[in-house]
Structures are given as C-alpha cells and as structure tokens.
Number of protein chains: 2
Amino acid sequence: MAGTDLKKLARELNLAVSTVSRALRDSHEISAATKARVKALADKYGFRPNPHASSLRQAKSRTIAVVVPEIRNNFFSQAINGIELVAQEKGYHVLIYLTHENSKQEREVVQLLQNGRADGLLISVTEAESYPHLEACREAELPIVFFDRVVDEIDAPRVITDEKLLAYQTCRRLLESGCERIAFLTMAGNLSISRHRQDGYLQALKEKGKEHLSIIVECSAADDHSREQLKKILSGPQRPDAVFAAVEKLAVDTYEVCAEMELNIPEDLCVAGFSNLTVASLFNPPLTTVVQPAYEIGKEAAGILFRLIEGKKLLPGEQKRVLPSHLEWRRSTAR
Amino acid sequence: MAGTDLKKLARELNLAVSTVSRALRDSHEISAATKARVKALADKYGFRPNPHASSLRQAKSRTIAVVVPEIRNNFFSQAINGIELVAQEKGYHVLIYLTHENSKQEREVVQLLQNGRADGLLISVTEAESYPHLEACREAELPIVFFDRVVDEIDAPRVITDEKLLAYQTCRRLLESGCERIAFLTMAGNLSISRHRQDGYLQALKEKGKEHLSIIVECSAADDHSREQLKKILSGPQRPDAVFAAVEKLAVDTYEVCAEMELNIPEDLCVAGFSNLTVASLFNPPLTTVVQPAYEIGKEAAGILFRLIEGKKLLPGEQKRVLPSHLEWRRSTAR
DNA sequence: TTTTTTTGCGAAAACGTTTGCGAGCCGATG
DNA sequence: CATCGGCTCGCAAACGTTTTCGCAAAAAAA
C-alpha cells in the first residue's frame, strides 16, 4: 500500500516507531514475539521502507551507477547484463547513463553522482583530454571500477582484456596466411583500447618486418564518415588486402562498403575485427572476430566494485584484472 | 567536494540555510545580489544537493525505472537508448532491471519501486498468469507505461507496433511467392506480442484458404530447447518450406539449425522474422526481417510517462500508441 | 505623517528512517 | 535486601533538504 510508514505500523501495534524499525531489521534487542507481530502487520500492508529516508539516514543508497558510451553495442549490453546480475544478487539497484561518446556529457553525468546518489561507479570512459570528474570521484570517496575503456592516469581497479595480445595474434595470422597490406581501422584515438589494439597490430607487422606497410585509418564516431574513409582507402592506388577493425562497427561498415563497391570478402579483402556479435558466424562470409568475455567483464567489475563498497581489501589480482578474449577464425579471413 | 551541504554554505555566507536553498533554486523572494553570492560559493565548492534529502522532502525521486526481460537483444537495447535520451533531457535518472523472462523476479523488482524509489515505470512484461504487482503500482499511484509487451487487463498507456499487420503482410507475401507450409515459431505464448503476431500469421493463411496447413511451434526460452524443436520439425515427414519467427532469437536459431542440417536458405527453407538486428542484411543469405522502430518506441513511451508524471492530460492518441514497423524483404525469402 | 504593500530573509517544521541512550522490568547474584 | 546485569522497549536526535510562516525593513500608497 502506498501510505504505509513506520509511524502507521507503530500506532496500530501500540509500539514505538523505533521498535518497529528494529523489529523489521531483525535487531537482537527485540523479542521474538514482537518481531513476529510487527512482521505480520508489515506483510499485510506490503510495507517497504522509504528508500530516500533510509539512504539519507544511513548515507548509502544501495545503488550503483553504470556509465557507458552507448548501449546499442553487444559488448556493452552483455557487460550490463553481467553487472545487473551481480547487483541484483547483492540487493543493489543499477542506474544507467549513456554518454554517446560525448565527454562533456560524461562529465556532467558523473558530477551528478557525487553527492550520494550512488555508492559506486562502473565506467567505460569516452575519449577526453583529461578526466577531472573522475578525480573528483576519488576525492568524494566514490569508489570507481573501470572496465574495458580505462584511463591509466587514474588509480582505480580496472577490468580489461588481453586485447593487445589478440590484436597481435590476429594480425600475425593474417600475415602468415598471405596478407601483405593490413589496414588497421580505429576510432579516433587516444582511448586505451585503441592504443592497445594498435600496439598489437604494429607488433605483428614489426615482427614480420613490415612495419613500413602499416596503414592506420582513424574513423570518427560519426556514422557516415567512417564509410567515406573506408571507400577512399579501398579505392586508392594501393588497396589493402585486409582490414583489422578495432571495434565492431568498423567491421560491419567494411562489409557494407565492400558490398557497395562489389569487392569480395575474402578474395579481394580479408576482414577481421573485435566484435561481440553473436551472429558473426551467420555473415556472408562468416566474420572472423576477436570476442571479449563481455558478460564476465561485467560480473567481475561489479564484484570488485562491491568489495570496494563494502570496504574489503582487494585481492592481489583485482587492481588490474585481465580476462582472456578469444579469436574466432572464420571465412572472412580465408586466403 | 564531498562534505558540502547547505549548512556549510550558509555559515560561510552569513545566511540562513533556507535562504541558500532558495537562492540556488532561483526563488523570486531572494535578491539578485545574494543569489549571485550564493551561487558563486556553491560553484566554487561544486555543491550538489543531496538527492536523498531532496527526494524525501519533495516526495519525488526524479528517477524512472525500466523493467525489461533482457538486454542482450537489439530491440530492448535500442528502446533503452531512446528512453535514456528523453530521461536525460528531462534531468531524470534511469534505473534498469532485468527479469530474464522470470515472472517471479519481475514481481519482486516491481515491488521495490513502490515506495518512491521511482516516479514512473516503463515496462515490457514477461509472461505470467496474472500481474498483481502491476495492479499494486496503480494503487500506489506509480505511473506505468507499457511498451512492446503489454498486458491488456491493466489500464495504462501502451506503445506498441502494428505487429499483427506486418505478420500478416509478411506471411501473405510468403504465400504469394509460392510457400505452402509456413511454420510459425513463437515463444511460450500468452504474451501479447506472440498472440498478435500469430493472429497475423493465421489471418494470412485463412485468407488463402490454407488455415489447415498452419504449423505453430512453441519454443521455450531455454537456449537449446528451441533448436531441438526446430530440428525435429525440419527433419519431420512434412517439412515446412518456410518459417516465420516471432522473435529474433528464433530466426537466428533457424539459420544455425539449417547450417547444421545442411539445408539451404531459401531454396530448402524460406526464413523471415521479427528482428532489430542491424546486420541482418549481411547474413548469408540476407535475412528478411520485420523491424520495429525500437528507438522511437522508447522515446515515445518515455515521453508519455513524463506527461503522466507531470500530471498532464494525455493527448488523444497516447493511451494506445501504435507505431509502424516495416518489412525488409531480402534473399532469405526469395523463391 | 500613517497605513498598506512589497521585498528579502530567518526560524522551524516537516519528510521517513535509523540509532544512541536511557528507563523499566525481570531474574540472578552477592 | 540491595545490586547488578540482561532483555525489551521508548524518546529523541539525527540525516540534508524544502517549504510554510512570520517578521522586519523598505517602498508605495494613502
């Protein structure tokens, strides 16, 4: 019922408000008999303590916030799935904020969390020159855990993947199967993930002595821009014979551009990329992907955040957790 | 800063707490001069009013809750995208709850919202015999708006699509292009969307006088079960020559089962289905889909919810809003 | 001038919980 | 018998806002 509060219960039971409160929270200083009486009535009315009053009094919200660039992205939606699972187990609530790759929005949103709205923050950052809002969280003693897109300068636990390794392995295999000119497609790029993946790409080239053949294509977040970029590259004089996409969207864009330009994958162009598309194997041709354990990342990050919130010591490996991705080699890279 | 509250500001400015509060909220009874003084200091400290105190006092949380069966589903993640956009514009926060198609969880989660944690609820329900928790919301005067999966018995605004029409059109076109035995794949079924889509399917069959050839396959939510079901149907004596999937997952399952059974789409089996996969055109073969305007549904539903929250009158069409889907006819249904 | 209105601000009560402390009561212990 | 300690429970103070009311002083009207 809407209008039930402790006062009403207390009146009806001839008890003090404090007694009712304690009874409901199973305090040891309340007799079993009254506990039963209280709980019975509370049940009857379907009483739920007002969360704002509780949060105000206890200075904790039983709520965590998740900030991600976007949600129409399998990686993030899977991660959120993991996060929500853990949160629900813990009896916590989950606030979601989307920044749409806009660092100003990210700043504003994070500011809103400072004053107790959330007990902790899980964030996959968007690109920016600096992150004062995250520093502010540290000062406000709001626990943060990064996942996937981290910022190195800020001292907070992070859950990431061995992306550099997998970028390296993927590119090496491309080279070994005969690709000569691999283009690396990346989002505008000072992001941790872009850097790491690019490092892996370059390492593979270097190892094969083909560093001078590197082609790095920076695509902006704008929808059409990346396709225009791609078209230019693919119709240029020295067309690459493979592309390695740092993010899912760019792999998909490549397929679309190839269709438009009537290029055949993999004959004319091998395509591989980081992606959590569960349907990559249904593509024409099936798309070679590096898939990250998004769900596990979410669970892991949430788990660490809760340990922080509960003031527990972090386990040795938890300050920087690296989860293994894996490579699904499919026909889009068959030479 | 963490420890800034009205009291601190008031002390430092030689003002009363109430004056500071009013100044920050641009009350007309505060002079421009003091407003400026107050705001300057508040800015300096980066003061944010404690949301729990505000919510407690004002009996509103500036938060809405979104309850969906799952998030690893393009329809829902796109819808959430739209919802979040509107909410952020309005300065509202968004709580997310996943029910994983579990009606008990849905009930529990919705109970938690009763006591002011959220000012409104956007829900796409999971199947259940009854929905007492939603009735309770109405009694608690918590505004609800349904989207996509609605429950007819409950009197609340709903945003849906013309799914029956599109199911009908799709099946008709399948029949007209020569399919004889169309199987309708659906999730366990008393859900509004299942019923409506099935109605469209049956209507098409009836119109062509083939109602007796209907094949309705109820697949459970369990992952493997639906594939087993499919295999049985497709290896039976009277194999269907087309399937129409009521939900995305079943269309994908069909592709996988066909691959396993070495059935060719569309030669051996036409496939179509409701789906918001943006990459359906990249499938092998490109998948014919009925795509719903998920993003717009989210925006629309959120808009209506806010009108409810703000106590405004609903516009005539808003009690039941039907948005148009559209059919993307592709090679998976080419005969 | 006096009266009324307006302007700007302060004191204090609320919102619904949780919690420190103290009070009464009981049985047990000295 | 006096004291003590353990059980239950009530009183009241918090938590940080918002808001009602009231009160002066200044401005306007008389």
Side-chain angles (χ1 to χ4, degrees), chain A residues 1-39 41-42 45-63 112-119 140, chain B residues 1-39 41-42 45-63 91 112-119 140-141:
Chain A
M1 180 144 305
T4 18
D5 57 358
L6 287 182
K7 216 180 305 176
K8 183 173 171 189
L9 294 180
R11 227 184 0 244
E12 203 151 331
L13 289 164
N14 264 331
L15 287 175
V17 177
S18 53
T19 306
V20 178
S21 171
R22 276 190 269 251
L24 291 174
R25 327 186 90 243
D26 256 326
S27 163
H28 64 278
E29 32 184 355
I30 301 297
S31 74
T34 40
K35 273 187 194 171
R37 279 211 308 145
V38 170
K39 287 181 182 170
L41 195 66
Y45 284 145
F47 168 76
R48 308 269 162 199
N50 180 308
H52 304 119
S54 297
S55 295
L56 176 59
R57 180 61 229 253
Q58 306 189 109
K60 55 198 263 205
S61 57
R62 295 194 80 75
T63 301
L112 292 175
L113 303 172
Q114 235 71 315
N115 230 309
R117 187 176 298 271
D119 295 342
Chain B
M1 182 144 303
T4 17
D5 57 358
L6 287 181
K7 216 180 306 177
K8 182 173 170 190
L9 293 181
R11 227 185 356 247
E12 203 151 331
L13 290 164
N14 264 330
L15 288 174
V17 179
S18 52
T19 306
V20 178
S21 172
R22 275 189 274 248
L24 292 173
R25 326 186 90 241
D26 257 327
S27 164
H28 63 279
E29 32 184 356
I30 301 296
S31 74
T34 42
K35 273 187 195 172
R37 278 209 310 146
V38 171
K39 286 182 182 170
L41 194 67
Y45 284 145
F47 169 76
R48 308 269 163 201
N50 180 307
H52 304 118
S54 296
S55 295
L56 177 59
R57 182 59 231 254
Q58 305 188 112
K60 54 198 253 191
S61 57
R62 295 194 78 76
T63 300
L112 291 176
L113 303 173
Q114 235 73 313
N115 230 309
R117 188 177 298 271
D119 295 341
E141 292 175 48

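The chains referred to below are lettered A, B, ... by the order of the sequence lines, with proteins before strands, and numbering in each begins at 1.
Here the P atom of nucleotide D:dG10 and the CG atom of A:Asn14 are 9 Å apart, to the nearest Å. Atoms NZ (B:Lys60) and P (C:dG16) sit 16 Å apart, rounded to a whole Å. Rounded to whole angstrom, the span from the CG atom of A:Asp5 across to the P atom of C:dA14 amounts to 14 Å. C:dA11 atom P lies 15 Å from atom CG of B:Leu6, rounded to whole Å. Atom-to-atom, CG of B:Leu24 to C1' of D:dT17 comes out at 11 Å; the value is rounded to the nearest Å. As rounded to whole Å, 13 Å separates atom P of C:dG8 from atom CG of B:Asp26. Between the CZ atom of B:Arg25 and the P atom of D:dG16 there is a distance of 17 Å, rounded to whole Å. Atom-to-atom, CG of A:Leu13 to P of D:dT8 comes out at 17 Å; the value is rounded to the nearest Å.
For residues 28-37 of chain B, proximity to DNA chain D is found at no residue, defined as any non-hydrogen atom under 4.0 angstrom from a strand atom.
Taking the side chain to side chain donor-acceptor pair (under 3.5 Å) definition, one finds that B:Lys39 meets it with B:Asp26, sequence neighbours left out. With sequence neighbours left out, B:Arg117 forms a side chain to side chain donor-acceptor pair (under 3.5 Å) with A:His93. Not a single side chain to side chain donor-acceptor pair (under 3.5 Å) links A:Ser18 to another residue, sequence neighbours left out. For A:Thr34, the side chain to side chain donor-acceptor pair (under 3.5 Å) partners are A:Ser31, not counting sequence neighbours.
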Between the protein and nucleotides 11-15 of chain D, which nitrogen or oxygen pairs come in under 3.5 angstrom?
unit_1, atom_1, unit_2, atom_2, d
D:dC11, N4, A:Ser18, OG, 2.9
D:dA14, N3, A:Arg57, NH1, 3.2

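In this structure, A:Ser27 contributes its side chain and A:Ala23 its backbone to no donor-acceptor pair below 3.5 Å. Of the possible donor and acceptor atoms, one in the side chain of A:Arg37 sits under 3.5 Å from a partner among the backbone N and O of A:Leu13.
Side-chain contact between B:Lys8 and B:Phe47: absent, with no pair of heavy atoms (C-beta onward) separated by less than 4.5 Å. Taking 4.5 Å as the limit, every side-chain heavy atom of B:Asn115 sits out of range of all side-chain heavy atoms of A:Pro49.
Among the protein residues, B:Ser54 comes within range of the sugar-phosphate backbone only, with heavy atoms under 4.0 Å from sugar or phosphate atoms but none that close to a base.
Note: A:Thr63 OG1 to B:His52 NE2 = 6.0 Å, rounded to the nearest 0.5 Å.
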